Protein chains: 2
Amino acid sequence: MAMRKQVADKAGVSEATVSRVFSGSEAVKPKTRDRVLQAASELGYVPSELARQFAKRRSGNIGVVLPYLPKVQLFSTYYFSEILGGISEAAREHGADLLLLQRSPDERREYELLFRQRKVGGLIVLGARDGEEEREALLELERNGHPYALVNQRMDGLERRTVEADHLEGSRLATAHLLEQGWSRPAFIGGPPDYSNSRDRLLGYRDAMSAVGADRIEPLVGNYSRKSGLEMAAAAARLIRGGEADALAAANDRMAIGLLQGLRQLGLEAGRDYGLAGYDDSDGARLTQPALTSVSASFDEMGRLAAQLALGELKRPPGKLPPRLVERESSRRRGV
Amino acid sequence: MAMRKQVADKAGVSEATVSRVFSGSEAVKPKTRDRVLQAASELGYVPSELARQFAKRRSGNIGVVLPYLPKVQLFSTYYFSEILGGISEAAREHGADLLLLQRSPDERREYELLFRQRKVGGLIVLGARDGEEEREALLELERNGHPYALVNQRMDGLERRTVEADHLEGSRLATAHLLEQGWSRPAFIGGPPDYSNSRDRLLGYRDAMSAVGADRIEPLVGNYSRKSGLEMAAAAARLIRGGEADALAAANDRMAIGLLQGLRQLGLEAGRDYGLAGYDDSDGARLTQPALTSVSASFDEMGRLAAQLALGELKRPPGKLPPRLVERESSRRRGV
DNA sequence: CTGTTAGCGCTTTCAT
DNA sequence: ATGAAAGCGCTAACAG
């Protein structure tokens, strides 16, 4: 299997030259180059990526850490596949491969280990939370100068590593839209505050309310699952029936959909009895009846940027990506 | 960075012994073992996975090939993430890592190359089609004795490598269910016949129809996207209004949802004017109004099995996995 | 532009 | 049970 030797002989060159031809790094005379390529193709020789990585002491892989996703789906699969798509494209352009690291429930976050094992040359952490353990693991990467990226999660001191959309602005857009549609008292349905994301979205809601001098309503808090949306429906119905709120700005689509379904069972229809807006513009937003108004952030673009950070190709992310409102029926005022 | 040497010195053993301790292959006296482990942990030594793989001439990775997914989504992200979840679990149990290989639109299918490059030690192909190029690429794996697995796609001569659910039975279940609910003339909405899957589902429909001596209606054919469902709505409406059909058994949820939405615009409601069943029991089935009756196959279990095949741990897949009918409102006859 | 020569950090005989 | 030594298939100086 010392195939490279054979190729070298056949082309009448040394093994080093064969190597040069394939790595493309150094200059080789076109003529010898062709001879080598010819010989290689005849013999069916392909360099071992493994040996190459070993010799260079670096794996060309970029690791993607996915959070543990139990049956109760907090995130939509849509969200991750969009991001993954973007990562995948950028990685391909740089000849990097993706190592998928699905987190198990117990498992410690030993991100640095992945680098020491030479399994990855860069890391992207999806669905990180703002906790002590996570921060510790990330700080260790920082200390060792390992390239990594966080998506949609800011952490103190690690801002340079975060790729995100301007979720404050996105949430503001959604709330402002509800107000423009003539719903005068939108309430906010938020997510767990250990995602910076959740906090931003709440702030956006407040901004929009302040801008028109509207009273803020105490937000309901769910966990981003559809189930939690269903569970909050009763409380939301009370707000609506009691006249305290006439619209709901949810921090993600899944909760919005749960609310839409739960409120329907209680006799309240989105677009007729209250205005509803979600966030993420997931697949599901197009499937409900009425279709869900939502906010779209370019997840694939975020994936691309994260990959560039993890490849060390980008020093720090550009500003926050601008979200866009996607208007559908759930927020429009239908005749009664 | 010749860290292993330091560990060896500190523990008073040779480098070979350090290696033995970490690879766990050969027997080492417990006492020396402990000394080595102690020294290693003090020095923060971790063996390079890259060097190990190189020395063994095999990467422990299992590659997962994902089809190119353009904007128009033919498959649901749900489908792939369920399968990936199963693969990921099984891989973890065997200490293998997942290399994600997203296919680009143009790219040739050079599966065998991945093995020669030593990038993967096993391969799982998702979303394969029954075409000449695909078959050729797979046959080459077969010839070279490389372990791989196909998910939900049978191909002549490669049956041993296919993990799938019994989609004929699943489709039969769905159609039979519609008949039991009192819809006497269900029509079938199929997918492209270059998926064995599509052909099986059509057969299942026919079986169920034959079993009750019902006349088969000429099936409509879409491409598994919601859009194609929307586009077929007009034709479906004609069938229903013309009295030729009173129910629809769709080959997947996305088309079913498109039909449900398209038919609604034409004034026809699922569960009232016609019965509707989808297939896959995707996330979306729970989001529509009425909720979609569907057929659930254990995608994560299929992922597990595929991983075992790709790891060479399973010689051939067990029989086809049994699907299960999930009854919701779209197929139930509501009072008019 | 090309050949020579060391490694890269492990695993794996083969001895002892 | 452990040590010594020879690779694994490349890259990377260093010459020429």
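FYI, side chains are in, hydrogens and waters are out, and symmetry mates aren't considered; it's all heavy atoms of this structure. No experiment lies behind these values; they were computed from the predicted model shown. Each chain gets a letter, A, B and so on, in the order its sequence line appears, and its residues count up from 1.
Not a single salt bridge (Lys or Arg N to Asp or Glu O under 4.0 Å) links B:Asp166 to another residue, sequence neighbours left out. Qualifying ring pair (Phe, Tyr, Trp, His ring centres under 6.0 Å) partners for B:Tyr111, counting only residues two or more places apart in sequence or in other chains: none. The ring pair (Phe, Tyr, Trp, His ring centres under 6.0 Å) check on B:Phe54 picks up A:Phe54, with sequence neighbours excluded. With sequence neighbours excluded, no residue satisfies side chain to side chain donor-acceptor pair (under 3.5 Å) with B:Ser41. Under the salt bridge (Lys or Arg N to Asp or Glu O under 4.0 Å) criterion, B:Glu159 pairs with no residue, sequence neighbours left out. Shown here are the salt bridge (Lys or Arg N to Asp or Glu O under 4.0 Å) partners of B:Glu112, two or more places apart in sequence or in another chain: B:Arg116. Taking A:Tyr79 as the reference, A:Phe299 meet the ring pair (Phe, Tyr, Trp, His ring centres under 6.0 Å) condition, with sequence neighbours excluded. Take A:Ser81 and apply the side chain to side chain donor-acceptor pair (under 3.5 Å) test, not counting sequence neighbours, and it matches no residue.
Remark: P of C:dC8 and CE of B:Met3 are 14 Å apart, rounded to the nearest angstrom. In this entry the distance linking CD of B:Glu15 with P of D:dA5 reads 12 Å, nearest Å. Atom P of nucleotide C:dG3 and atom NZ of A:Lys5 are separated by 11 Å, given to the nearest angstrom. Atom-to-atom, CZ of A:Arg4 to P of C:dT2 comes out at 16 Å; the value is rounded to the nearest Å. Atom-to-atom, CZ of A:Arg118 to P of C:dC10 comes out at 9 Å; the value is rounded to the nearest Å. Regarding A:Phe115, its CZ atom lies at a distance of 18 Å from the P atom of C:dG9, rounded to whole Å. Taking atom CG of residue B:Asp9 and atom P of nucleotide D:dG3, one finds them 11 Å apart after rounding to whole Å. To the nearest angstrom, P of D:dG9 lies 14 Å from CZ of B:Arg116.
Nearest heavy atom pair, residue B:Arg109 against residue B:Arg103, reads CG-NH1, 3.5 Å. When all heavy atoms of A:Gly131 and A:Met155 are compared, the pair lying nearest together is O-CE, 4.0 Å. Residues A:Asn197 and A:Tyr224 approach most closely at C-OH, 4.5 Å, considering heavy atoms.
Each end of the helix from C:dC1-D:dG16 to C:dT16-D:dA1 gets its own axis, taken as the rotation carrying the C1' atoms of four end pairs onto the next four within a five-pair window, and the two axes meet at 30° to the nearest 10 degrees.
For the pair B:Arg4 and B:Tyr45, the NZ or CZ position fails the cation-pi test of under 6.0 Å to the six-membered ring centre and within 45 degrees of the ring normal.
Defined by atom type and a distance below 3.5 Å, a donor-acceptor pair is present between the side-chain atoms of B:Arg129 and B:Tyr195.
Near DNA chain D, meaning a heavy atom under 4.0 Å away, the residues from residues 28-36 of chain B are B:Val28, B:Lys29, B:Thr32. Contacts between residues 16-23 of chain B and DNA chain C, defined by a heavy-atom separation below 4.0 Å, involve B:Ala16, B:Ser19, B:Arg20, B:Ser23, listed by number. Annotation: proximity of residues 45-58 of chain A to DNA chain C (heavy atom, distance under 4.0 Å) is found for A:Phe54, A:Ala55, A:Arg57, numbered in ascending order.
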